[in-house]
2 protein chains.
Amino acid sequence: MERRPARLSDVAHRAGVSVATASRALNGSARSVKESNRAVVLAAADELGYTANVAAQAVARGRHRGVTLLVKSMPNDYANPMVVGVVEAARRAGIRITLVVVGEKSADLVREVHAARAQRAEILMTIGGRTIDDRGIPDLVAALQQYEAEGGRVVMITQAGLPFDTVSYDNQAGAHDLAVELLALGYEHFAILAGYADGMTQLDRTRGFVEGLAEGGVTLGVDRIITGEFTRDGAYAATGDLLRRGIKLDAIFAVNDAMALGVLTFLRDSGERGKGIAVAGFDDIASLRDITPGLTTVHLPWDAVATEALRLAQSDRAATPRHSIIGAHVVIRESTPPRR
Amino acid sequence: MERRPARLSDVAHRAGVSVATASRALNGSARSVKESNRAVVLAAADELGYTANVAAQAVARGRHRGVTLLVKSMPNDYANPMVVGVVEAARRAGIRITLVVVGEKSADLVREVHAARAQRAEILMTIGGRTIDDRGIPDLVAALQQYEAEGGRVVMITQAGLPFDTVSYDNQAGAHDLAVELLALGYEHFAILAGYADGMTQLDRTRGFVEGLAEGGVTLGVDRIITGEFTRDGAYAATGDLLRRGIKLDAIFAVNDAMALGVLTFLRDSGERGKGIAVAGFDDIASLRDITPGLTTVHLPWDAVATEALRLAQSDRAATPRHSIIGAHVVIRESTPPRR
DNA sequence: TCGCCTATGGAAATCGCTTGCCGCTGGGCA
DNA sequence: TGCCCAGCGGCAAGCGATTTCCATAGGCGA
């Protein structure tokens, strides 16, 4: 039993070659190594149970391989499946992930970008939306551009509209399609729980839904678009307010599943269930698969998003930022039964 | 705008001191630095936006700071909240996390432990249970011991019984208490959906429940302990089998919430709901907070577990492995209404 | 047979940082 | 006044890899 893990020099020594050759044989290089040497090096490495020291490689190469994942506030149903998706995709690709959870403020994000610069991280991915009037965006963009100028690759997930490779899902089209489907089911009187007034994601979903209704000839009054907390509890409270207004209502669209759950729960608690108010959400989070009634929602393909993000990150950088939009599709369940 | 991130030597130069002094001023050290020097170094670092290169530090120190988190198969309701807990706890402590998802086989785990050795990772945490007769355990223990002998710290979460610092929650006591409470509510005829026959976690829960019943004078026949898939769908199917047997039954304990959900769903789908069969689970996963009926379960304190794990990891190593058991408490909800 | 080019091995520089060791300084004490 | 030692700065040697550069050995056409 060794006193310390094997180093490259141990492998080289055992194989009877120089460390340079051992390095070239083990950890890819443009230079070729004679087949016989390669074999003996590989054998030696295997016998010693050698694994390269990533930190040393990072220093020597001047680049830290792997993905650094910056996530805004992890314990959040919405970021969570995204992170899982990326982690899984990375595992399949044999890539290590350094996970950094940053605060909500974009200044925190900026700080971490600079840290990643210092680490000379190869790939930087961020997960998380932003608010429409975020004052910190210019700083963030500057930091990321500096990072890219130094040779890093950035891929933003969710947060579209910045000059970097981005993969997002189509919030607007998804909500649009949902509206169309609900109209087809016979609903006529809608309300939207739109979440925070300034969230880009929420805004896109709200906008898409309104457009979808408009195409079907239904105009939604602004008084039927309720802003408020982007959470289950916020939605729970908002539903109460909404019903107390006594307006005609047969369907509520909440811009995410957690909120939709709040709506459903309120309807149940208040005994309004069965009075024919349908509910739809957005995200199709796995944990809600078994609620009663099944929730009509828009499914987001987390896997596809993550896979695409990794693909972008590993491809050569394009002259202009690329933007992949992964489609989202509507899933109709019992929470929106046909009305006719 | 710099062409490359600032290095320590840049800071030292700007502050007019040697790199040694700069290093000592910035990145803690036993040696003290005169206050005036420290101030000027800090100022210089700030002006240059300096952030230490973690990889270089790792190489120089011969230790990689931070937590390396080894998780068995991430996309799994059960591991997930645990990971979130650790990630959050680490964030509060200002620690970086390297997240590695390994396969189910303990050989995969062993490989990653050796990789962590090579990285000279400071803290290694594993999340995930094991099966009772896992052939790979000796190898795993050997690898981890080697890692510790080289100065690393290991903390195992969930997987108790190995000679390393461990933090787990008390599956057996939790299930025991649950049984006691159910008896107090007036239930008499039980069945257990026990999951895989060889999972340690499931086994402990089953055992605890049986003991709790026994204390109340209820003996559970082995035919009422059903093994099978540790999943929602497995439980769904198992419930059907169970009911077809036509035995007297007023409560089903599923060893995790996902399975309990399967039971509830089956009861609903088959119209058996309302016939008075109560359901209880284990885990109290957040996403089930709003299902109907509310699920009686055993709450696991993820935060506390994660915090404790980090505390253990950062404390000095004890002569003998420590084992923290975090209590789990019963939460009674509507899925188990009082019977008398 | 000679010269040149390609394939390949190895010595040594290098990456950014920590730290052991040496040496200087100045205050306290005999 | 002289000596000792604590306090602190800096030189330089690593840490474990990669990579540049030089050297050697064949292969091949003329």
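Keep in mind that this is a model prediction, so the values were computed, not measured.
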Are the charged groups of B:D10 and B:R4 less than 4.0 angstrom apart, N to O?
yes

Can you name the side-chain contact (heavy atoms from CB on, under 4.5 Å) partners of A:A93, sequence neighbours left out?
A:I95, A:L310

Answer yes when B:R117 and B:E148 have at least one side-chain N-carboxylate O distance shorter than 4.0 Å, and no when they do not.
no

Validation: residues 52-61 of chain A side-chain donor-acceptor distances under 3.5 Å, sequence neighbours left out:
residue	atom	partner	partner atom	Å
A:N53	OD1	A:A55	N	2.9
A:N53	OD1	A:A56	N	3.1
A:N53	ND2	B:A118	O	3.2
A:Q57	OE1	A:R61	NH2	3.4

Keeping to residues at least two apart or across chains, list the salt bridge (charged side-chain N to carboxylate O under 4.0 Å, His left out) pairs with something in residues 152-162 of chain A.
A:R153-A:D165

If I take atom CD in residue B:Q119 and atom P in nucleotide D:dC15, what distance separates them, rounded to the nearest angstrom?
17 Å

Nearest 0.5 Å, please: how far is CE in A:M125 from CG in A:L70?
10.5 Å

Contact check, residues 15-25 of chain B vs DNA chain C, heavy-atom distance under 4.0 Å, returns B:A20, B:S23, B:R24

Residue list, side-chain hydrogen bond (donor to acceptor under 3.5 Å, both in side chains) with A:E122, at least two apart or on another chain:
none

Could I get the full list of side-chain contact (heavy atoms from CB on, under 4.5 Å) partners for A:S32, not counting sequence neighbours?
none

Separation of B:N37 atom CG from D:dG7 atom P, in whole Å?
16 Å

According to side-chain hydrogen bond (donor to acceptor under 3.5 Å, both in side chains), who are the partners of A:H13, at least two apart in sequence or on a separate chain?
none

Applying salt bridge (charged side-chain N to carboxylate O under 4.0 Å, His left out), can you list everything that pairs with B:R63, at least two apart in sequence or on another chain?
none

Could you list by number each residue of residues 53-70 of chain B showing a heavy-atom separation from DNA chain C of less than 4.0 Å, or answer none if no residue does?
B:N53, B:A56, B:Q57, B:V59, B:A60, B:R61

B:S324: what forms a side-chain hydrogen bond (donor to acceptor under 3.5 Å, both in side chains) with it, not counting sequence neighbours?
B:E308

Quickly work out the B:R38 CZ to D:dC8 P distance and round it to whole Å.
9 Å

Name the first nucleotide and the last nucleotide along DNA chain C (5' to 3') that come under 4.0 Å of a heavy atom in chain A.
C:dT8 to C:dC15

Need the bend value for the helix from C:dT1-D:dA30 to C:dA30-D:dT1: angle between end axes, 5 pairs each end, nearest 10°.
40°

Candidates B:T126, B:V71, B:V86 - the one meeting side-chain contact (heavy atoms from CB on, under 4.5 Å) with B:I157:
B:V86

